[in-house]
Number of protein chains: 2
Amino acid sequence: MKQVDVKAKFGQRLRDIRNQMGWSQEHLAAVVGLDRSYVGGVERGERNISIENICKLAEALEINPAVLFEQWGT
Amino acid sequence: MKQVDVKAKFGQRLRDIRNQMGWSQEHLAAVVGLDRSYVGGVERGERNISIENICKLAEALEINPAVLFEQWGT
DNA sequence: TTGTGACTCCTAGTCCGTT
DNA sequence: AAACGGACTAGGAGTCACA
């Protein structure tokens, strides 16, 4: 059985955390220094984001990158 | 001040875990389905690996992807 | 405020090899 | 066993206009 799309899982987690902080995609994108539509694409699981941008996002959200990989249900 | 290279940190972590399992780069690459020279480059911090391959590696090593981002010194 | 398609540029990732 | 290189193709990074 094919495992769930990791990009979608990551995107959902990112979105949850962003919403918890009450940030818009636009605001997050501005802080990270990425394009708003790019961040949106990541949240929707359409982008196969690389480690450097993962860490940039984590830094902007003031969390450890590992947090973005938690609660994936193994 | 520029932060430490996340690719290098990730690569070192990957290498440590791989060594703990007594696996060669070649073996890991074969299990994951990636090229051996590519895995070597990742461990050396030369490659900006994407999330799908990060998760493939974690799966091959039978660990949660978050483990690869631990002990980064916050 | 976010989704989406389309686009260019550059690199992620492959495959061959030598050291 | 691992580092490193060249040449290549697939696909990620980054941007925009418009819905």
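Below, chains carry the letters A, B, ... as their sequence lines are ordered, and counting in each starts from 1. Keep in mind it's a predicted model, so treat the numbers as computed, not measured.
Between B:Phe69 atom CZ and B:Asn64 atom CG the span is 10.5 Å, to the nearest 0.5 Å. Put simply, CD1 on B:Ile54 and CD1 on A:Ile54 are 4.0 Å apart, with the number rounded to the nearest 0.5 Å. Atom-to-atom distance recorded for B:Lys56:NZ and B:Asn53:CG is 4.5 Å, nearest 0.5 angstrom. Distance NZ/B:Lys7 to CZ/B:Arg47: 11.0 Å, rounded to 0.5 Å. Annotation: the span from B:Ile17 atom CD1 to B:Glu62 atom CD amounts to 12.5 Å, rounded to 0.5 Å.
Here D:dG11 presents its P atom at 11 Å from CG of B:Asn53, a figure rounded to the nearest Å. Following rounding to the nearest Å, A:Leu57 (CG) and D:dA13 (P) show an atom-to-atom distance of 11 Å. Per the geometry, CG belonging to B:Leu28 stands 14 Å off C1' belonging to D:dA1, to the nearest Å. Between B:His27 atom NE2 and D:dA1 atom C1' the separation is 14 Å, expressed in whole Å. In this structure, B:Glu46 atom CD and D:dG6 atom C1' are separated by 15 Å, rounded to whole Å. When rounded to the nearest whole Å, the span between CG of A:Asn48 and P of D:dG12 equals 5 Å. Following rounding to the nearest Å, B:Ile54 (CD1) and D:dG12 (C1') show an atom-to-atom distance of 13 Å.
Inter-residue side-chain proximity for A:Leu28 and A:Leu57 is flagged as met; some heavy-atom pair is nearer than 4.5 Å. Residues A:Leu61 and A:Val67 fail the side-chain proximity criterion, which asks for heavy atoms closer than 4.5 Å.
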Show which side-chain atoms of residues 29-43 of chain B pair as donor or acceptor with protein atoms under 3.5 Å away, not counting sequence neighbours.
from    : atom 1 : to      : atom 2 : distance (Å)
B:Asp35 : OD2    : B:Ser37 : N      : 3.0
B:Asp35 : OD2    : B:Ser37 : OG     : 2.6
B:Glu43 : OE1    : B:Arg15 : NE     : 2.8
B:Glu43 : OE1    : B:Arg15 : NH2    : 3.2
B:Glu43 : OE1    : B:Arg18 : NH2    : 2.9
B:Glu43 : OE1    : B:Gln25 : NE2    : 3.0
B:Glu43 : OE2    : B:Arg18 : NE     : 2.5
B:Glu43 : OE2    : B:Arg18 : NH2    : 3.4

Atom pairs under 3.5 Å: protein N/O with N/O of nucleotides 15-19 of chain D:
from   : atom 1 : to      : atom 2 : distance (Å)
D:dT15 : O4     : A:Arg47 : NH2    : 3.3
D:dC16 : N4     : A:Ser37 : OG     : 2.6

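Close approach of DNA chain C to chain B, defined as any atom under 4.0 Å from a non-hydrogen atom of the protein, starts and stops at C:dA12 to C:dG17.
Toward the 5' end of DNA chain D, the nearer of the two residues B:Glu43 and B:Glu52, judged by each one's closest nucleotide, is B:Glu43.
With no hydrogens or angles considered, a side-chain donor-acceptor pair links B:Asp16 and B:Gln12 at under 3.5 Å.
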